[in-house]
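Take a look at the structure below.
Because only heavy atoms are used, hydrogens play no part in the values below, and waters and symmetry mates are left out as well, while side chains stay in.
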Amino acid sequence: MNIVDVTADCKGIPCILVDFYTANQIGNYMSDASSPVAKIEPARTVTGAAALAPTVAAFSSRGPSINYPEVIKPDIAAPGVSILAAREDEYAFGSGTSMATPHVAGIVALLKTLHPNWSPAALKSAIMTTASVTDERGMPILAQGLPLKIADPFDYGGGHINPNKAAEPGLVYDIDPSGYNKFIGCTFNKFLSCNKTVLPGYHLNLPSIAIPDLRNPITVLRTVTNVGEVNAVYQAEIQSPPGVKVDVEPSVLSFNAANKVITFQVKLSPLWRLQGDYTFGSLTWQNGQKTVRIPIAARITIHDFFADVA
């Protein structure tokens, strides 16, 4: 169980933890004052409407994935800080992945009850494509840490989970289980019958796109299944990652009773030749009622091997 104890750094000695900005102010005061004095007041907690929430906790695992950079990780963010939960014969507040996981598992169970025929991939898609990247005021979700920053897909994946919207996502990115075979390289199970011709993970029909080595234009295919109104028309809204040109063809998807599944292509082209870092964007399908959004991460590169430090 991943429980975060912010007092662990105190090593049993009474102490107060502050952020870097506050520490710098304290340091300047101690240097300037002839007889510096410290005064400790009772703690104050900002709650309710005055608090900016949700935020990604400092201890939350971040991407990109080391082993599979062609897949954006994490998938989703969920409540996991100061959660009241049962522990042995009592209740206690806990924080960590083990607190967020039950929220997601419970939401998946509810979605499966509503849609018993949906595959795990469809359930995951519904959760990711309907997640929020802003709070109820439209303010961006922040990621705690040093420094505090606006969160990106490597902090929260698709965003902060929204179970009500996930119940009726409009479109889902589904994956047949056999579709994974050509991507895993027969490495997980020696008895698994799979295609030894391994493709980059960004060709898998995931509700996200990650290109870790964009040097030349790359085209990926995505397939969506209409699980909403039978007759529906969706239009593409593209937010290209800085430095990358994104084109979607077709840019309009028209569904009816005979046409429930449509494949489209996404072409990502680098605007410059440089050794860059990840930038982020999104592709959203909208029809006026439903918003189906997937994150995009791309890194323009020149060389195979490089380091971010000199």
Side-chain angles (χ1 to χ4, degrees), residues 62-77 119-133 150-161 166 169-176 179-180 182-184 198-225 234-253 261-272 276-286 290-301:
R62 312 295 171 97
S65 169
I66 297 175
N67 296 323
Y68 295 94
E70 302 96 345
V71 178
I72 289 181
K73 287 296 177 182
D75 294 324
I76 200 72
S119 68
L123 295 167
K124 171 180 173 177
S125 173
I127 288 173
M128 288 185 62
T129 59
T130 58
S132 302
V133 296
I150 294 176
D152 59 50
F154 288 158
D155 299 310
Y156 54 36
H160 189 262
I161 197 165
L171 306 175
V172 294
Y173 293 75
D174 204 358
I175 304 175
D176 186 276
Y180 291 97
K182 65 188 74 169
F183 299 97
I184 62 178
V198 181
L199 295 176
Y202 48 70
H203 288 299
L204 191 61
N205 195 47
L206 293 167
S208 62
I209 298 174
I211 311 293
D213 53 354
L214 184 62
R215 305 180 191 183
N216 301 298
I218 291 179
T219 299
V220 300
L221 300 180
R222 288 293 186 270
T223 300
V224 287
T225 302
Y234 285 83
Q235 294 186 335
E237 179 180 301
I238 303 169
Q239 181 185 357
S240 297
V244 179
K245 185 176 186 293
V246 179
D247 296 298
V248 178
E249 182 63 35
S251 60
V252 177
L253 306 180
V261 181
I262 297 179
T263 297
F264 60 91
Q265 63 180 24
V266 183
K267 182 179 180 181
L268 297 92
S269 306
L271 295 180
W272 307 290
D277 202 352
Y278 282 101
T279 57
F280 306 97
S282 63
L283 167 62
T284 304
W285 293 104
Q286 298 197 41
K290 302 294 183 183
T291 299
V292 186
R293 179 185 180 278
I294 66 172
I296 299 175
R299 178 173 60 184
I300 304 175
T301 63

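In this structure, P169 and V292 approach most closely via the heavy-atom pair O-CG2, 3.3 Å. Closest approach of G157 and P295 over heavy atoms only: O-CG, 3.9 Å. For P212 against Y278, the heavy-atom pair with the smallest separation is CB-OH, 3.2 Å. Between V172 and A122 the shortest heavy-atom distance is CG1-O, 3.9 Å. Here the closest non-hydrogen pair linking P217 and P270 is N-CD, 4.0 Å. Closest non-hydrogen pair, P242 versus T279, comes out as O-OG1, 3.0 Å.
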Using atom types as modelled, flag every donor-acceptor pair under 3.5 Å from a side chain in residues 198-211 to any protein atom, sequence neighbours excluded.
| unit_1 | atom_1 | unit_2 | atom_2 | d |
| --- | --- | --- | --- | --- |
| N205 | OD1 | T223 | N | 2.7 |
| N205 | ND2 | D174 | O | 2.7 |
| N205 | ND2 | T223 | O | 2.9 |

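Taking the side chain as every heavy atom from C-beta outward, F154 and P64 approach each other to under 4.5 Å. Using a 4.5 Å heavy-atom cutoff, the side chains of W285 and V248 are in contact.
S125 contributes a side-chain N or O that, together with a main-chain N or O of Y173, makes up a donor-acceptor pair within less than 3.5 Å. At least one donor-acceptor pair under 3.5 Å links the side chain of T130 to the backbone N or O of A126.
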Using the rule given for side chain to side chain contact (heavy atoms under 4.5 Å, CB included), can you reason through V252 versus Y234, listing the C-alpha separation, both sets of side-chain angles and the distance that settles it, and then say yes or no?
CA-CA 6 Å; V252 177; Y234 285 83; over 6 Å; no
Go through the steps for L214 and T301 under the test side chain to side chain contact (heavy atoms under 4.5 Å, CB included), then give the verdict.
CA-CA 6 Å; L214 184 62; T301 63; over 6 Å; no
Worked check of side chain to side chain contact (heavy atoms under 4.5 Å, CB included) between V224 and F264:
CA-CA 8 Å; V224 287; F264 60 91; 3.9 Å; yes
Start with the C-alpha distance between V266 and L283, add both sets of side-chain angles, then the distance that settles side chain to side chain contact (heavy atoms under 4.5 Å, CB included), and finish with yes or no.
CA-CA 9 Å; V266 183; L283 167 62; 4.0 Å; yes
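Comment: D213 does not engage R299 in a salt bridge, judged by the lack of any side-chain N to carboxylate O separation of less than 4.0 angstrom. Residues R62 and D155 are paired through a salt bridge, judged by an N-O separation under 4.0 Å between the basic side chain and the carboxylate.
Judged purely by distance below 3.5 Å, without hydrogens or angles, the side chains of R293 and T129 never pair a donor atom with an acceptor atom. Looking at E237 and Q286, their side chains do bring a donor and an acceptor atom within 3.5 Å of each other.
With sequence neighbours excluded, no residue forms a side-chain hydrogen bond (donor to acceptor under 3.5 Å, both in side chains) with S240.
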